[in-house]
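Both backbone and side-chain heavy atoms feed into the values below; hydrogens, waters and symmetry mates do not. Keep in mind it's a predicted model, so treat the numbers as computed, not measured.
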Amino acid sequence: MPELEPGVLRAALERIAEAGVQRARAGLELLAVEVEDQARITAHNGEHSYGTPTPARPGEGPAKISGTLLDSIGHNEIAPSPEGWSTKVGPRTGYTPPYGGRRRTPAHMYGYYLETGDHGITYPWLKPAADTAAKSAALLFAKAFNETDWA
């Protein structure tokens, strides 16, 4: 059996390790998009006009008024962290509904109020979305790691 040249095995293992790191990032991207998709579902529990009673029941996701909360849902750039990779999914800043006069509440703030009940009754939408998406996390990461061209 022929011997490997010095450094050949080390270089191959380094390429495989780096591919694994990038696959983990790709898996997190798939998971973040899945949480976003689920959040858009749980944050749309019926519809009503501004100033009218909501058809949503407390403890369930909120009803859509303008769609601003739905439009604001996204995730930030996936970045390295001490644990590997990280990202945050939720309402992004810069989205304000077209109603409410001069005191319009930005979507990232009223999304928080709905989720936590900070201003009264809770209409959770993000945690249930994350819980649902977490059930498919293993499949999403398997998809990212099962692609070809490892080294």
Side-chain angles (χ1 to χ4, degrees), residues 11-52 54-151:
L13 291 174
E14 286 174 355
R15 284 193 308 275
I16 291 169
E18 179 57 28
V21 168
Q22 294 309 314
R23 299 297 168 103
R25 184 192 182 288
L28 183 58
E29 177 77 31
L30 293 172
L31 181 57
V33 170
E34 181 68 17
V35 174
E36 288 176 25
D37 292 345
Q38 288 298 319
R40 287 186 186 94
I41 292 168
T42 57
H44 190 177
N45 188 8
E47 296 185 26
H48 67 104
S49 298
Y50 177 70
T52 63
T54 180
R57 293 187 299 230
E60 296 180 356
K64 175 183 166 186
I65 298 175
S66 67
T68 304
L69 178 60
L70 300 174
D71 293 341
S72 76
I73 296 170
H75 69 278
N76 62 358
E77 184 177 340
I78 295 174
S81 72
E83 296 81 27
W85 295 104
S86 68
T87 187
K88 292 181 181 180
V89 179
R92 296 170 289 175
T93 58
Y95 291 80
T96 305
Y99 55 81
R102 292 175 29 195
R103 295 181 47 141
R104 297 182 296 168
T105 303
H108 71 280
M109 290 177 66
Y110 70 76
Y112 173 80
Y113 302 151
L114 291 166
E115 183 76 22
T116 64
D118 189 62
H119 279 50
I121 302 167
T122 61
Y123 294 95
W125 57 278
L126 189 55
K127 184 176 183 320
D131 291 346
T132 299
K135 294 174 185 172
S136 61
L139 294 174
L140 295 171
F141 277 88
K143 179 180 178 183
F145 276 86
N146 285 333
E147 294 179 359
T148 58
D149 297 332
W150 265 89

Output the distance between atom [atom1] ([X]) and atom [atom2] ([Y]), rounded to the nearest 0.5 Å.
X	Y	atom1	atom2	answer
I73	I41	CD1	CD1	10.0 Å
N146	L139	CG	CG	10.5 Å
L70	E36	CG	CD	12.0 Å
L30	R25	CG	CZ	10.5 Å
L69	R40	CG	CZ	10.0 Å

Minimum heavy-atom distance [X]-[Y], with the two atoms named:
X	Y	result
T42	P62	O-CD, 3.7 Å
K88	N76	N-OD1, 2.7 Å
A63	E47	CB-N, 4.2 Å
P91	A107	CB-O, 4.1 Å
D71	Y95	O-CE2, 3.6 Å
E115	W125	OE1-N, 2.8 Å

Taking A26's backbone N and O only, do any of them form a donor-acceptor pair with W85's side chain (distance below 3.5 Å, no angle check)?
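No, because the side chain of W85 does not come within donor-acceptor range (under 3.5 Å) of the backbone of A26.
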Do the side chain of T54 and the main chain of A56 share a donor and acceptor less than 3.5 angstrom apart?
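Answer holds: yes.
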Do [X] and [Y] have side chains that get closer than 4.5 Å, going by heavy atoms?
X	Y	value
P97	Y110	yes
L28	F141	yes
P98	T68	yes
E14	E18	no

Under the rule for salt bridge (charged side-chain N to carboxylate O under 4.0 Å, His left out), what residues qualify as partners of D131, not counting sequence neighbours?
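D131 satisfies salt bridge (charged side-chain N to carboxylate O under 4.0 Å, His left out) with K127 once adjacent residues are dropped.
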Taking atom CZ of R57 as the centre, report whether more than 12 heavy atoms of other residues, nucleotides or ligands fall under 6.0 Å from it.
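Counting neighbours around CZ of R57, 12 or fewer heavy atoms of other residues, nucleotides or ligands fall under 6.0 Å, so no.
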Should the heavy atoms of other residues, nucleotides or ligands under 6.0 Å from OH of Y112 be counted, would the total exceed 12?
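No, because the 6.0 Å sphere around OH of Y112 holds 12 heavy atoms or fewer from other groups.
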Take E77 and T87 through the side-chain contact (heavy atoms from CB on, under 4.5 Å) test and state the conclusion after the steps.
CA-CA 6 Å; E77 184 177 340; T87 187; over 6 Å; no
side-chain contact (heavy atoms from CB on, under 4.5 Å) between H75 and V35, intermediate numbers included:
CA-CA 9 Å; H75 69 278; V35 174; over 6 Å; no
Take T105 and Y113, measure what side-chain contact (heavy atoms from CB on, under 4.5 Å) needs, and give me the verdict at the end.
CA-CA 10 Å; T105 303; Y113 302 151; 4.1 Å; yes
